[in-house]
Visitor: 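Pasting a structure below so you can have a look.
So you know, we letter chains A, B, ... as the sequences are listed, proteins then strands, and number each from 1.
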2 protein chains.
Amino acid sequence: MAVADRFEQFATAILPSGLSSSAHARFRSLARHVEAAAGDAPLDYMEHDQIVFVARGATKLVARASLDREQIVAFHFADDLVSLPARGRHSYSLVALQESEFLAFSASEFLNSAQQESGVANEILRRSLVSLSRCREKSIILGRKTAQERLASFLTTMADRIGTPRETQCVIDLPMSRRDIADSLGLTIETVSRQFTILRDQKLLETSGRSIVTITNIAALENRAGHLPAAA
Amino acid sequence: MAVADRFEQFATAILPSGLSSSAHARFRSLARHVEAAAGDAPLDYMEHDQIVFVARGATKLVARASLDREQIVAFHFADDLVSLPARGRHSYSLVALQESEFLAFSASEFLNSAQQESGVANEILRRSLVSLSRCREKSIILGRKTAQERLASFLTTMADRIGTPRETQCVIDLPMSRRDIADSLGLTIETVSRQFTILRDQKLLETSGRSIVTITNIAALENRAGHLPAAA
DNA sequence: CGCTTAATTGAGGTTAATCAAACACTGTGG
DNA sequence: CCACAGTGTTTGATTAACCTCAATTAAGCG
């Protein structure tokens, strides 16, 4: 797909419909189109903070805690916006999980322009608060949940975000490996694998190949996630 | 201190200096002044999302993961702004760690008004991104660090935020209990206590009473936090 | 000074990590 | 289309870190 179409996709997702064409053009001039194959981290080593629109594909935002430990801070999919810090005390990188396309902006330039257009600033803020909210949920998972609860939480979240509902079931084609899941949940691949086995044995889900997960009992899986009942 | 002074404090911290007096007045009309004693959660059971300015005191933002497990998602101190969600799948509450004063806003009303005033929206966005960044760092700690690294990270962070530097040392008067520290770091009070003992025995810090911690070797403590060297 | 609560210390148990090996998927070449 | 190679995943045995339970000590406060 052409770059112009990618920008239009961005505009539809992020910019308010009534935005002036000059503002529209300004954002367009700030956007850099970036393509990435699976495994690429095309925005590494940026000197300044970036704001990245995921036009197509799937990504992980990875923090390297030490040479042999990494933590995945968030996954992002098409139409998501990612705030990518320049490398500070922990180094972050945005890695494509599959062939992907991005529109990358310098955060300061982008926010400057957004500031003039209240609708844009508002949308960015709204999305930042969603990211914050997701990150808080992740903190709860990482701080206070068992391996089984972590995997169940992960799967129900992914079902919401990228699953395709099928009657009472939900099919997820996971773009990330077991290692990625482990690095997201603060576990090892072995533990993730064992928990998959347990959930499979208990008929809460089925797997087929490496990436397809079919949740056969959504309610039971949500129970395993250990969330409080909404009215608790 | 009078409510009016608290609002002025808020205006100084958050609102841009050139803000029109009508906008100033609008924010003032949206603000609810709330006082809390240590242990209070005066904003619990709110129906809608809140934005809370901490005028004085210290708070913990707590998520209840289940009846007997809680995770502290963030600490906030004077002049901080907290985004407090209405109770959803996990229930959050903002608890005062000491006698505190807040200005509370309905998030939707506040953001509506902020949207008209680009400077305000920008400041809120800036602060939200700081919160997001802190939360990401917390995810790294919770997902991939040992008990010792967690406590060292916590202490260096608190030294930055509320510590008072003294030559080569840094004195912190912690407003939170060992339980709070444990609930923030995803550990138990016993483990936190043991890690304090180790760091004390190794002469990286001294403690006096329950709340005073003097970091005597800042560099060594930062090493223990397991951060990557900045240029790694 | 004594009471109450928080913090520390100790012993033993549990969960998940580590180390190691077998197996299965996916893609390639015959 | 099948066999093979290479990698990713699963399974198993052992170990280590942290948790749990229990007891002791210290801090704060009337």
Side-chain angles (χ1 to χ4, degrees), chain A residues 37-39 60 65-66 68-71 97-99 141-155 173-202 205-213 224 226, chain B residues 37-39 60 65-71 97-99 141-155 172-202 205-213 224 226:
Chain A
K60 54 179 176 180
S66 67
D68 56 351
R69 290 181 299 180
E70 54 180 56
Q71 175 64 38
L97 294 170
Q98 45 189 217
E99 204 197 340
I141 287 169
L142 295 175
R144 285 284 176 249
K145 302 223 165 169
T146 64
Q148 176 143 159
E149 290 171 329
R150 292 181 201 208
L151 183 59
S153 292
F154 171 80
L155 290 172
D173 186 353
L174 293 173
M176 68 289 283
S177 67
R178 296 291 136 99
R179 167 157 300 286
D180 290 330
I181 297 171
D183 285 344
S184 170
L185 298 179
L187 300 170
T188 58
I189 49 174
E190 294 94 330
T191 298
V192 169
S193 181
R194 283 183 241 274
Q195 296 305 328
F196 262 114
T197 302
I198 292 171
L199 294 174
R200 206 185 303 115
D201 289 350
Q202 297 179 342
L205 54 80
E206 292 162 10
T207 57
S208 118
R210 278 170 180 153
S211 61
I212 305 289
V213 176
R224 291 303 168 81
Chain B
K60 54 179 176 180
S66 67
L67 292 171
D68 57 350
R69 291 181 297 181
E70 54 180 56
Q71 176 64 38
L97 295 170
Q98 44 188 218
E99 206 198 337
I141 288 169
L142 294 175
R144 286 285 175 246
K145 301 223 165 168
T146 64
Q148 177 142 159
E149 289 170 329
R150 292 181 200 207
L151 183 60
S153 292
F154 170 80
L155 290 172
I172 321 175
D173 185 352
L174 294 173
M176 67 289 283
S177 67
R178 297 290 190 264
R179 166 157 300 285
D180 290 329
I181 296 172
D183 286 344
S184 170
L185 298 180
L187 301 169
T188 57
I189 49 175
E190 294 93 331
T191 300
V192 169
S193 182
R194 284 183 240 273
Q195 295 306 327
F196 262 114
T197 302
I198 293 171
L199 293 174
R200 205 185 303 115
D201 288 350
Q202 297 179 343
L205 54 80
E206 292 162 10
T207 56
S208 118
R210 280 169 181 158
S211 63
I212 304 290
V213 176
R224 291 303 168 82

Visitor: Give the rounded distance in Å between these two atoms: CD of B/Q148 and P of D/dA17.
Guide: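 So the CD-P distance, B/Q148 to D/dA17, works out to 11 Å.
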Visitor: Rounded off to whole Å, could you give me the CG-to-P distance for the B/L187 and D/dA17 pair?
Guide: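 Nearest whole value for this atom pair: 14 Å.
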Visitor: Is the phosphate of D/dG28, meaning OP1 or OP2, less than 4.0 Å from a side-chain N or O of B/R210?
Guide: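 B/R210 to D/dG28 OP1/OP2: no side-chain N or O under 4.0 Å.
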Visitor: Decide yes or no for B/F154 and B/V192: does some side-chain heavy atom of the first lie under 4.5 Å from some side-chain heavy atom of the second?
Guide: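 No - every pair of side-chain heavy atoms lies 4.5 Å or more apart.
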Visitor: So A/R150, base contact, sugar-phosphate only, or nothing? Heavy-atom distance under 4.0 Å.
Guide: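 Nothing, no heavy atom under 4.0 Å.
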Visitor: Taking atom types as modelled, is there a side-chain donor on A/S193 or A/R178 under 3.5 Å from an acceptor on the other?
Guide: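 Not at all, the side chains of A/S193 and A/R178 share no donor-acceptor pair under 3.5 Å.
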Visitor: If I take atom CZ in residue A/R179 and atom C1' in nucleotide D/dT10, what distance separates them, rounded to the nearest angstrom?
Guide: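 About 14 Å, once rounded to whole Å.
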Visitor: What is the distance from CG of B/L142 to C1' of D/dC18, rounded to the nearest Å?
Guide: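 Those two atoms, CG and C1', are 15 Å apart.
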Visitor: Nearest whole angstrom, please: distance from the C1' of D/dA17 to the CZ of B/R144.
Guide: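 Those two atoms, CZ and C1', are 14 Å apart.
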Visitor: Should the heavy atoms of other residues, nucleotides or ligands under 6.0 Å from CZ of B/R179 be counted, would the total exceed 12?
Guide: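 No, because the 6.0 Å sphere around CZ of B/R179 holds 12 heavy atoms or fewer from other groups.
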Visitor: What's the spacing between B/E206 CD and B/L199 CG if we round to 0.5 Å?
Guide: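 These two atoms lie 12.5 Å from each other.
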Visitor: Rounding to an integer number of Å, can you tell me how far A/R178 CZ sits from D/dT7 C1'?
Guide: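 Those two atoms, CZ and C1', are 14 Å apart.
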Visitor: Take a 6.0 Å sphere around CD of A/E99 and say whether it holds more than 12 heavy atoms from other residues, nucleotides or ligands.
Guide: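 Count not over threshold, so no.
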Visitor: Hey, where on DNA chain C does chain A first and last touch, going 5' to 3'? Cut-off is any atom under 4.0 Å from a heavy atom.
Guide: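 Contacts span C/dA16 to C/dT26, reading 5' to 3'.
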Visitor: Side chain of B/T188 only, please: which of D/dT11, D/dT9, D/dT20 is the nearest?
Guide: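 Looking only at heavy atoms from C-beta outward on B/T188, the closest nucleotide is D/dT20.
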Visitor: Please determine if a side-chain N or O atom of A/S193 lies less than 4.0 Å away from the OP1 or OP2 oxygen of D/dT9.
Guide: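 Result: no.
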Visitor: Would a distance-only check, ignoring hydrogens and angles, find a side-chain to backbone donor-acceptor pair under 3.5 Å from A/R224 to A/A152?
Guide: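 Here the side-chain-to-backbone pair does not exist.
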Visitor: Specify the closest pair of heavy atoms between B/G186 and B/L142, including all atoms of both residues, with the distance to one decimal.
Guide: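 Residues B/G186 and B/L142, closest heavy atoms: N-CD2, 3.8 Å.
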Visitor: Is a donor-acceptor pair below 3.5 Å formed from side chain B/R194 to base D/dT20, judging by atom type as modelled?
Guide: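 Check passes, donor-acceptor contact within cut-off.
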Visitor: With each end axis built from five pairs of C1' atoms, what bend angle do you get for the helix from C/dC1-D/dG30 to C/dG30-D/dC1? Round to 10°.
Guide: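 Overall, the helix from C/dC1-D/dG30 to C/dG30-D/dC1 bends by 40° from one end axis to the other.
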Visitor: Checking B/Q195 against B/R150: is there a side-chain donor and acceptor pair closer than 3.5 Å?
Guide: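 Judged by distance alone, the side chains do not pair up.
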Visitor: Can you tell me how far P of D/dG8 sits from CG of A/D183, to the nearest Å?
Guide: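 After rounding, the reported distance stands at 13 Å.
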Visitor: Taking atom types as they are modelled, would you say the side chain of B/E190 forms a donor-acceptor pair with the base of D/dC21 within the 3.5 Å cutoff?
Guide: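 Yes, the side chain and the base share a sub-3.5 Å donor-acceptor pair.
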Visitor: When you measure from the side chain of B/R69 to the backbone N and O of A/R144, does any donor-acceptor pair fall under 3.5 Å?
Guide: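 The answer is yes, because a donor-acceptor pair under 3.5 Å joins these two groups.
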Visitor: What integer distance in Å separates A/L199:CG from D/dT9:C1'?
Guide: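 After rounding, the reported distance stands at 16 Å.
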